[in-house]
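In this text the structure is predicted, and so the values were computed from the model without any measurement.
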Amino acid sequence: MKKLNRREFVQTTTAAGVAAAAVPKTLFGQAPTVMTPKSVKPVVVASGNGNTSKDANGITCVAKAFGMITQGADVLDALVAGVTIVELDPDQTGVGWSGLPNADGVVQLDASCMHGPKKQAGAVAGIEGVRAPARVAQLVSQETDHHLLVGKGAQEFARAMGFKIEDDLNTETSRRLWLEWKRRVDPEHWLDPNGEGRRPKDRHEKDPVAAAAHLLRESTWESRALAAGRSMVRDGLIREGSFWGTINCDAIGPNGDICGVTTTSGLAWKIPGRTGDSPILGAGLYVDNEVGAAGSTGRGEANLYNLSSFLIVEAMRRGISPKDAGMEALKRIKASTIEKRLLNSKGNPNFNIRFFVLNKRGEYAGVAMYHAGETKYAVCNENGAQTPDLEPLLSGSPNQ
């Protein structure tokens with residue numbers, strides 16, 4: 001082997017270094033990070049209810065958050081103030097106070113938040129008696145060394161932070177709807193004072209009475225509970241968004257700071273203690289200040305199984321656009337949904353799920369499994385609050 005002199009050694013190692021630098025990092029399993037512009041135009045992105053509920057001044061969630069951000073407020077403070085408008089709205093039944101209760105008629109709430117630049121996160125799950133849990137989640141991130149508090153512990157933490165704890169968060173509307181659900185899920189014991197009432201229809205039964213009997217005889221309690229809830233959506237008693245609950249709201253400020261919040265009353269009439277994706281980091285919400293943010297509404301179990309919000313942010317880290325990153329998550333959910341009870345007649349998921357995505361450049365997207373039910377999302381930027389259409393992965397609807 002030829003022995004190199006000093007000049008030859010320097011030339012050889014320099015050339016090798018240049019060649020190595022030219023090799024894309026992805027060949028070694030290291031994904032590129034989205035490049036950060038020096039400044040971006042602020043934007044707030046949320047689920048559709050982010051532009052419906054209003055405060056006493058007629059301001060919606062996304063408009064409130066955007067206004068505070070452009071006036072110099074911390075991005076997460078602005079988002080929490082925005083979603084609190086929805087949490088306290090007595091005319092909606094999917095988030096916070098007035099959210100639909102669990103199977104026992106008890107309102108249990110979940111919320112999470114992530115502060116991109118501070119690398120802080122906090123969440124609460126199954127908290128009772130607190131009207132607006134998003135702020136409690138924020139305090140978990142600021143005042144404790146923990147990321148998630150649940151149940152009684154979350155409630156006692158809220159009490160220690162000065163929150164009023166109420167015995168019952170049900171409104172007249174939520175209680176009335178819960179009683180209707182009880183009659184549908186168990187019509188043999190919970191009678192309709194006005195008559196037989198509307199019972200869930202099995203798709204294989206044309207006779208509604210026979211359908212109800214079939215459900216009671218053959219199905220599990222969970223299947224009957226879900227069928228009863230979906231029948232109420234079908235009959236126009238509740239919106240699909242109220243059945244699944246949830247608002248997700250993410251934003252980027254003029255300095256490139258990214259934060260996110262998700263808050264919900266969870267699946268209507270859920271098994272007590274059930275926790276969905278909303279308070280779980282990486283599922284109902286994920287933020288990386290160098291890349292972007294993603295959050296979700298819809299079937300939480302599908303999102304939990306796939307950790308879809310984390311998946312979306314990691315896809316954007318590879319340079320994929322917000323829309324394509326969201327579609328990648330929807331495709332992953334479709335591929336992992338194989339149980340017959342979760343499939344429609346076409347073999348596709350019989351549920352909807354939506355993602356709201358924002359990257360470091362201020363680019364955003366809203367995508368859904370289907371363009372059905374809740375078909376729009378909310379955005380606020382320099383052009384004001386808007387409600388563009390969600391872009392679907394599949395045509396038709398979950399029930400087809």
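- The main-chain N or O of Ala283 is found under 3.5 Å from a side-chain atom of Asn303 such that the two form a donor-acceptor pair.
- Distance OG1/Thr275 to CD/Gln108: 8.0 Å, rounded to 0.5 Å.
- Here the closest heavy-atom approach between residue Ala302 and residue Ser308 is recorded as O-OG, 4.4 Å.
- Side-chain contact between Met369 and Arg299 is absent, with no heavy atoms from C-beta onward closer than 4.5 Å.
- Contact of the Val367 side chain with the Leu393 side chain is not registered, since no non-hydrogen atoms from C-beta on lie closer than 4.5 Å.
- Counting heavy atoms from C-beta on, the side chains of Ile353 and Leu330 come closer than 4.5 Å.
- Looking at every heavy atom in both residues, Ala325 comes nearest to Ala315 through CB-CB, 3.8 Å.
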>> Pair Arg318, Glu314 - check salt bridge (Lys or Arg N to Asp or Glu O under 4.0 Å), show working.
In response: CA-CA 7 Å; Arg318 303 196 307 270; Glu314 291 305 296; over 6 Å; no
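- Using a 4.5 Å cut-off between side-chain heavy atoms of Ile, Leu, Val, Met, Phe, Trp and Tyr, with links allowed through other members, Ile252 and Leu76 fall into different hydrophobic clusters.
- The main-chain N or O of Val86 is found under 3.5 Å from a side-chain atom of Gln92 such that the two form a donor-acceptor pair.
- The environment of CG in Asp167 is sparse: at most 12 heavy-atom neighbours from other residues, nucleotides or ligands sit within 6.0 Å.
- Side-chain atoms of Ser98 come within 3.5 Å of backbone atoms of Asp89 as a donor-acceptor pair (strictly under, hydrogens ignored).
- Judged by distance alone, the side chains of Asn306 and Ser336 do bring a donor and an acceptor atom under 3.5 Å apart.
- Checked options Gln400, Arg230, Arg341, Lys340; the residue passing with Asn350 is Arg230 (criterion: side-chain contact (heavy atoms from CB on, under 4.5 Å)).
- Sparse packing is recorded around NZ of Lys323, with 12 or fewer heavy atoms of other residues, nucleotides or ligands lying under 6.0 Å away.
- Between the side chains of Thr246 and Thr297, no donor-acceptor pair of N or O atoms lies under 3.5 Å.
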>> side chain to side chain contact (heavy atoms under 4.5 Å, CB included), that's the test. Do Leu343 and Thr337 meet it? Break it down for me.
In response: CA-CA 7 Å; Leu343 299 175; Thr337 304; 3.9 Å; yes
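- At a threshold of 4.5 Å between non-hydrogen side-chain atoms, the residues Trp181 and Leu100 do not count as touching.
- We find the CG-OG1 distance between Asn170 and Thr93 to be 11.5 Å, quoted to the nearest 0.5 Å.
- Rounding to the nearest 0.5 Å places CG of Leu311 at 10.5 Å from CE of Met316.
- A 4.5 Å side-chain heavy-atom check between Val124 and Phe157 finds every atom pair outside the cut-off.
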>> Let's go through Asp104 and Asn102 carefully: what are the C-alpha distance in whole Å and the side-chain angles of both, what is the deciding distance for side-chain hydrogen bond (donor to acceptor under 3.5 Å, both in side chains) to 0.1 Å, and is it a yes or a no?
In response: CA-CA 5 Å; Asp104 289 343; Asn102 65 20; 5.3 Å; no
>> For Ser47 and Asn49: C-alpha separation, side-chain torsions, deciding distance, then whether side-chain hydrogen bond (donor to acceptor under 3.5 Å, both in side chains) applies.
In response: CA-CA 6 Å; Ser47 46; Asn49 48 358; 2.6 Å; yes
>> Is there a side chain to side chain contact (heavy atoms under 4.5 Å, CB included) between Ile258 and Asp250? Walk through the geometry before answering.
In response: CA-CA 7 Å; Ile258 304 174; Asp250 311 306; 5.8 Å; no
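- Considering every non-hydrogen atom in both Arg354 and Ala368, the closest pair reads CG-CB, 3.7 Å.
- A 4.5 Å side-chain heavy-atom check between Val291 and Lys360 finds every atom pair outside the cut-off.
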> Is there a side chain to side chain contact (heavy atoms under 4.5 Å, CB included) between Val357 and Tyr377 once you walk through the steps?
Replying inline: CA-CA 11 Å; Val357 190; Tyr377 67 112; over 6 Å; no
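- Between the side chains of Glu87 and Thr263, at least one donor N or O lies within less than 3.5 Å of an accepting N or O.
- A donor-acceptor contact shorter than 3.5 Å links the side chain of Asn344 to the backbone of Lys346.
- Considering only heavy atoms from C-beta on, Leu394 comes within 4.5 Å of Lys334 through its side chain.
- Rounded to the nearest 0.5 Å, atoms NZ (Lys64) and SG (Cys380) are 12.5 Å apart.
- Atom SG of residue Cys259 and atom CG of residue Asp77 lie 8.5 Å apart, to the nearest 0.5 angstrom.
- Under the 3.5 Å distance criterion, the side-chain polar atoms of Lys376 are left unmatched by any main-chain donor or acceptor of Gln386.
- In the displayed structure, Lys41 atom NZ is contacted under 6.0 Å by at most 12 heavy atoms of other residues, nucleotides or ligands.
- Side chain of Asn352 to main chain of Pro398: no donor-acceptor pair is present (N/O by atom type, distance under 3.5 Å, no hydrogens or angles).
- You'll find the side chain of Ile85 stays beyond 4.5 Å of the side chain of Thr60, heavy atoms only.
- When all heavy atoms of Glu374 and Leu390 are compared, the pair lying nearest together is O-CD1, 3.4 Å.
- Across all their heavy atoms, Ala132 and Val136 have their closest contact at O-CG2, 4.1 Å.
- Val44 and Leu358 fall into different hydrophobic clusters, where Ile, Leu, Val, Met, Phe, Trp and Tyr side chains are chained together by heavy-atom contacts under 4.5 Å.
- Neither Ile238 nor Trp97 shares a network with the other; the hydrophobic side chains, linked directly or stepwise wherever heavy atoms of I, L, V, M, F, W or Y lie under 4.5 Å apart, form separate groups for each.
- Nearest heavy atom pair, residue Val140 against residue Gly122, reads CG1-CA, 4.1 Å.
- Crowding of Arg274 atom CZ: a count of heavy atoms from other residues, nucleotides or ligands under 6.0 Å exceeding 12.
- Linking ILVMFWY side-chain heavy atoms closer than 4.5 Å, directly or via other members, places Val107 and Ile271 in two distinct hydrophobic clusters.
- For the side-chain contact (heavy atoms from CB on, under 4.5 Å) test with Val83, the passing option among Cys113, Cys61, Ser53 is Cys61; the others fail.
- Glu180 has a carboxylate O that lies under 4.0 Å from a charged side-chain N of Arg184, or vice versa, which qualifies the two as a salt bridge.
- Classified by interplanar angle (parallel below 30°, tilted 30° to 60°, perpendicular above 60°), the ring pair Tyr286/Phe310 is perpendicular.
- With hydrophobic clusters built from ILVMFWY side chains whose heavy atoms lie under 4.5 angstrom apart, Phe355 shares a cluster with Tyr370.
- Defined by atom type and a distance below 3.5 Å, a donor-acceptor pair is missing between the side-chain atoms of Asp110 and Thr264.
- The backbone N or O of Trp190 lies less than 3.5 Å from no partner atom in the side chain of Asp186, so there is not a single donor-acceptor pair.
- Using a 3.5 Å distance cut-off with no hydrogens or angles, the side chains of Asp257 and Asn255 do not pair a donor with an acceptor.
- Ring orientation note: the planes of Trp269 and Phe243 are tilted relative to one another, at an angle of 30° to 60°.
- Formation of a donor-acceptor pair under 3.5 Å by the Thr375 side chain with backbone atoms of Ala372 is not found in this model.
- For the atom pair CD1 (Ile247) and CG (Leu79), the distance works out to 9.5 Å, reported to the nearest 0.5 Å.
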> Given Arg175 and Asp168, is the side chain to side chain contact (heavy atoms under 4.5 Å, CB included) satisfied, shown in steps?
Replying inline: CA-CA 11 Å; Arg175 193 180 306 281; Asp168 186 2; 2.5 Å; yes
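- Taking the charged nitrogens against the carboxylate oxygens, Lys331 and Glu328 have no contact shorter than 4.0 Å, which rules out a salt bridge.
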